[in-house]
2 protein chains.
Amino acid sequence: MATNKKSEFDADEIQLADFAKALSHPARIAILKILAQKQSCICGQIVEGLPLAQPTVSQHLKELKNAGLIKGEIEGKTSCYCINWDTYDQFRTLFEAFDIRLDGGRQQVQNCC
Amino acid sequence: MATNKKSEFDADEIQLADFAKALSHPARIAILKILAQKQSCICGQIVEGLPLAQPTVSQHLKELKNAGLIKGEIEGKTSCYCINWDTYDQFRTLFEAFDIRLDGGRQQVQNCC
DNA sequence: ATTATATATCGCAAATATACGATGGATGAT
DNA sequence: ATCATCCATCGTATATTTGCGATATATAAT
């Protein structure tokens, strides 16, 4: 039974995993690219740029927002999204620490593989 | 109905998303850390280091293997795993390209948020 | 006031992920 | 040959994700 064991891991591991999950669908990666590229960040333009229906895009936007990677505001008739660079930097920092830690063991003698 | 739309995205986006998915569970992040740290990469030691039952760990190992991030060999009675640095570098390269692309739009004037 | 437009949300269906007990296969020890 | 150990795999239960049609909401236009 899928009891949630995630909380028993280190906070850093959980947080990095959560960020990774936010990037674990090509649509969300594409959305971040679009947001970085366009000055305007109207939802409709994002929908146009993706092979997905509007409700699906809205849902991916919501997940990115939950992960803290984007911010959104309702601007009159339209909605406006942009990247939350503070959170993105935090993610990058976490990943870099992970990356460096992996690299540390890289030169060691392997006794297998 | 959950028809798979993932294939309609760019190859780079799909590949990066797949790598991200491999890191989207703290257990798999922890496993990679352990593999990098220990010279030996016996499965039993991984199980000891995680708050999960052996079949569950085995399953996470399989997913990391499917993503190409680790290699595994059966060595007599025990199994031996280690990080596949070639694939890991490929992942890092993909992420870096993505990261740089995001950063490119960073200084632009935002008309919202 | 009515209508059109842009998005979010609801509700559903299908697919995938998470977790583990039970079991099986292979090796090494006795 | 028997037994113990290590690990993969099967089967199963539950939870989460993905996708979208239908609908609701809120603004802008007429």
Side-chain angles (χ1 to χ4, degrees), chain A residues 1-9 13-14 17-18 20-31 34-35 40-67 70-82 112-113, chain B residues 1-9 13-14 17-18 20-31 34-35 40-67 70-82 112-113:
Chain A
M1 22 178 144
T3 51
N4 208 0
K5 295 261 176 166
K6 283 180 192 169
S7 54
E8 298 183 28
F9 290 85
E13 289 168 353
I14 294 169
D18 283 344
K21 175 173 279 182
L23 299 186
S24 74
H25 194 290
R28 294 195 287 271
I29 290 182
I31 287 171
I34 292 171
L35 287 184
S40 64
C41 17
I42 311 298
C43 172
Q45 293 180 328
I46 300 172
V47 174
E48 275 175 34
L50 299 180
L52 297 171
Q54 176 265 322
T56 308
V57 172
S58 226
Q59 197 173 304
H60 283 301
L61 285 168
K62 195 179 178 184
E63 277 161 47
L64 284 170
K65 205 174 174 184
N66 283 342
I70 65 174
K71 296 183 281 189
E73 279 173 13
I74 296 172
E75 292 242 327
K77 191 167 63 173
T78 62
S79 277
C80 166
Y81 285 102
C82 45
C112 53
C113 300
Chain B
M1 14 161 164
T3 50
N4 210 359
K5 295 259 176 166
K6 283 179 193 172
S7 55
E8 298 183 27
F9 290 85
E13 290 167 352
I14 294 169
D18 283 345
K21 176 173 278 181
L23 299 186
S24 74
H25 194 291
R28 294 193 286 271
I29 291 182
I31 288 171
I34 292 171
L35 287 184
S40 64
C41 18
I42 311 297
C43 173
Q45 293 180 329
I46 300 171
V47 174
E48 275 175 33
L50 300 180
L52 297 172
Q54 177 265 321
T56 309
V57 173
S58 225
Q59 199 171 301
H60 283 301
L61 285 167
K62 194 179 178 184
E63 277 161 47
L64 284 170
K65 204 173 174 183
N66 283 342
I70 65 175
K71 295 183 279 189
E73 280 172 12
I74 296 171
E75 291 243 327
K77 190 166 65 173
T78 62
S79 277
C80 166
Y81 285 101
C82 44
C112 53
C113 301

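Residue numbers start from 1 in every chain, and the chains themselves are labelled A, B, ... in the order their sequence lines are given, proteins ahead of strands. Quick caveat, the model's predicted, so the values are computed rather than measured.
- We find that CG of A:Leu23 is positioned 17 Å from C1' of D:dT18, with the value rounded to whole Å.
- Between A:Leu52 and A:Val47 the shortest side-chain heavy-atom distance does not fall below 4.5 Å.
- Set against D:dT18, D:dC20, C:dA8, the side chain of B:Lys5 has D:dC20 as its closest nucleotide.
- Residue B:His25 contributes atom NE2, which lies 18 Å from atom P of C:dT16 at whole-angstrom precision.
- The distance from atom CD of A:Gln59 to atom P of C:dG11 is 14 Å, rounded to the nearest whole Å.
- Comparing B:Lys21 and A:Ser58 by the nucleotide of DNA chain C whose heavy atom lies nearest to each, the residue mapping closer to the 5' end is A:Ser58.
- Checking C:dA6, C:dT9, D:dG19 against the side-chain heavy atoms of A:Thr78 singles out C:dA6 as nearest.
- When atom types are taken as modelled, the side chain of A:Ser58 and the backbone of A:Pro55 share no donor-acceptor pair closer than 3.5 angstrom.
- Rounded to a whole Å, the CG atom of A:Leu61 is 15 Å from the C1' atom of D:dC20.
- The side chain of A:His60 approaches D:dT18 more closely than any other nucleotide in the set C:dC20, D:dC7, D:dT18.
- The distance from atom CZ of B:Phe9 to atom C1' of D:dT18 is 11 Å, rounded to the nearest whole Å.
- Across the protein-nucleic acid pair, A:Glu8 atom CD and C:dT18 atom P stand 15 Å apart, rounded to whole Å.
- Against DNA chain D, the stretch residues 48-56 of chain A makes heavy-atom approaches under 4.0 Å through A:Leu52, A:Ala53, A:Pro55, A:Thr56.
- Taking atom CG on A:Leu64 and atom C1' on D:dT18, their separation rounds to 14 Å, with Å as the unit.
- Here the P atom of nucleotide D:dT27 and the CD1 atom of A:Ile42 are 16 Å apart, to the nearest Å.
- Using the six-membered ring where Trp is involved, B:His25 and A:Phe9 have ring planes that are perpendicular, over 60° apart on the 30 and 60° scheme.
- Checked against C:dA19, C:dT5, D:dC7, the side chain of A:Lys77 finds its nearest nucleotide in C:dT5.
- A:Arg28 places a side-chain N or O within donor-acceptor distance of the main-chain N or O of A:Ala22, the cut-off being under 3.5 Å.
- Each of A:Glu63 and B:Ile74 was matched to the nucleotide of DNA chain D holding its nearest heavy atom; the match closer to the 5' end belongs to B:Ile74.
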